[in-house]
Amino acid sequence: MTRMVPLGLVTLCLNIVAPVAGASYDIVKDFAGSSFFDDWDFFGSFDNLTNGDVNFVSASQAQSSRLAFVDSSTNHAIVKVDNTSMVPFNEKRNTVRISTKDRYAVGSVWVADMVHVPFGCSVWPAWWSQSPNWPTGGEIDTFEAVNLAPRSQMGLHTLQGCTQQNPTQSSTLINSTDCNHDVNNNQGCIVTTPSTASYGQAFSAAGGGVWVTEYAETGISVWFFERSSVPSSISGTMSSIDTSTLGTPVANWPSGGCNMDQFFEAQHLILDITLCGDFAGAPAVFSQTCSGVCYNDYVIGSPSNYDNAYFDINFIKIFGTGGNTVISSQNNAAPALSIRPLAVASFATFVYAIGTVL
Ligand SMILES: *[C@@H]1O[C@H](CO)[C@@H](O)[C@H](O)[C@H]1NC(C)=O
Ligand SMILES: *[C@@H]1O[C@H](CO)[C@@H](O)[C@H](O)[C@H]1NC(C)=O
Ligand SMILES: *[C@@H]1O[C@H](CO)[C@@H](O)[C@H](O)[C@H]1NC(C)=O
């Protein structure tokens with residue numbers, strides 16, 4: 001396959017944000033409680049990104065069919081797959097994909113505290129981020145898992161030239177180190193989370209947990225804490241975070257192997273749940289933990305297949321340094337040089353990337 005993007009274009013996108021000097025960040029955005037859903041875009045289309053058998057509903061549909069709502073008893077945000085409808089053959093099941101209206105630039109940290117993540121045969125949830133010009137500007141996957149897999153994974157997807165080199169990380173489960181979307185069917189540079197409480201029934205059985213993603217000039221790091229080991233500095237009332245106090249991250253991609261200003265741009269943060277598709281539905285992947293046929297036996301099968309296909313979110317908080325972290329949706333005009341999306345569907349085998357360009 002030919003390279004999609006001449007490198008000369010990339011160098012024009014160099015970031016103007018000052019380098020991150022310290023590891024302390026102040027809160028810039030709190031997604032929690034009754035206003036949780038205020039500043040997200042709902043996709044409102046079928047899954048044309050990863051070939052999942054779903055319709056990502058609009059904001060009004062999500063509200064009327066209660067697929068995205070704030071639970072009045074817990075004040076938590078729920079994002080879920082439709083588990084009440086029978087879906088006729090050849091049709092798709094409703095679910096949700098939301099993306100922050102604002103983008104967050106280098107020098108930011110996002111913290112997601114959840115008590116339940118979606119799981120089950122055919123289910124492919126993710127908490128991740130992406131630049132509007134993907135693959136230019138990169139993708140950061142904090143939490144991604146499929147079906148009944150025992151663990152979730154973390155990873156990056158970029159243009160050619162970004163690799164994971166000399167990481168300081170606790171996970172030894174390294175699946176791949178080349179982040180280039182154009183090799184290995186866009187597998188990306190993937191690290192699997194060692195904890196089996198990072199996904200599935202075990203996640204909620206442990207009381208849920210917290211993911212912390214640091215997008216810094218020095219590189220990208222992701223921490224995962226099961227509930228019992230969440231640092232006391234992380235709470236619903238925290239107003240700052242110092243990542244130097246969090247210990248060794250589970251996964252780390254230092255800038256030595258991946259120049260942040262060259263491969264990453266300000267990110268939209270995304271929560272989504274798709275079904276089957278390029279990753280969960282790939283027969284070789286699906287058969288690892290599930291039996292039957294992904295679409296026939298699950299998507300159009302009993303709606304109760306999806307009773308566990310929901311995020312239950314305590315909060316998502318974004319932290320930044322200086323004044324340049326938040327790129328407001330008011331200023332989100334398309335750049336002069338935009339790159340065409342990849343035709344993901346043309347890959348002969350499955351791909352691992354969660355999405356192409358919006
Ligand atoms: C997917 O659908 C959305 C909404 O209709 C559209 O804006 C976008 O261009 C589509 N993306 C691709 C890769 O076809
Ligand atoms: C990644 O590696 C781990 C450990 O070897 C393995 O259990 C897991 O299945 C791999 N993930 C993928 C998506 O291949
Ligand atoms: C659907 O899933 C929810 C959890 O999100 C559960 O409370 C409910 O009982 C399930 N079944 C129906 C029919 O709503």
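For this chain, numbers begin at 1 and follow the sequence in order. First listed ligand is number 1; within each ligand, the first listed atom is number 1.
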Practice prompt. To the nearest 0.5 Å, tell me how far S122 OG sits from I273 CD1.
Written response: 11.0 Å
Response to the item:
Residues at least two apart in sequence or cross-chain that pass ring-ring contact (aromatic ring centres under 6.0 Å, His included) with F311, listed by chain then number, are none
Discussion item. Are F31 and W40 an aromatic pair, judged by ring center distance below 6.0 Å?
Written reply: yes
Worksheet, complete the sentence: Per-atom filter on ligand 1: closer than 4.0 angstrom to a heavy atom of S45 are 2 (O), 4 (C), 5 (O)
Worksheet entry | ligand 2 atoms in contact with Q153 (distance to a heavy atom under 4.0 Å) | 13 (C)
Worksheet item: Got a salt bridge between D39 and K101, using NZ or NE/NH1/NH2 to carboxylate O under 4.0 Å?
Response: no
Discussion item. Out of all atoms in ligand 1, which are within 4.0 Å of some heavy atom of N48? Include the element for each.
Written reply: 1 (C), 2 (O), 3 (C), 8 (C), 10 (C), 11 (N), 12 (C), 14 (O)
Item to complete: Step through it carefully: locate the ring centre of Y25, locate the ring centre of F319, and say whether they are under 6.0 Å apart.
Response: no
List, pair by pair, the atoms of ligand 3 and of the protein that are both N or O and lie under 3.5 Å apart, giving the separation rounded to 0.1 Å.
unit_1   : atom_1 : unit_2 : atom_2 : d
ligand 3 : 2 (O)  : N83    : ND2    : 2.2
ligand 3 : 11 (N) : N83    : ND2    : 3.1

Item to complete: Please identify which atoms of ligand 2 are closer than 4.0 Å to at least one heavy atom of N175.
Response: 1 (C), 2 (O), 3 (C), 8 (C), 10 (C), 11 (N), 12 (C), 14 (O)
Worksheet entry | Residue among Y199, W223, F224 satisfying ring-ring contact (aromatic ring centres under 6.0 Å, His included) with W211 | F224
Item to complete: Taking only Lys NZ, Arg NE, NH1 and NH2, and the carboxylate oxygens of Asp or Glu, determine whether D71 and R66 approach each other closer than 4.0 Å.
Response: no
Worksheet item: Do F286 and F279 have ring centres separated by under 6.0 Å?
Response: no
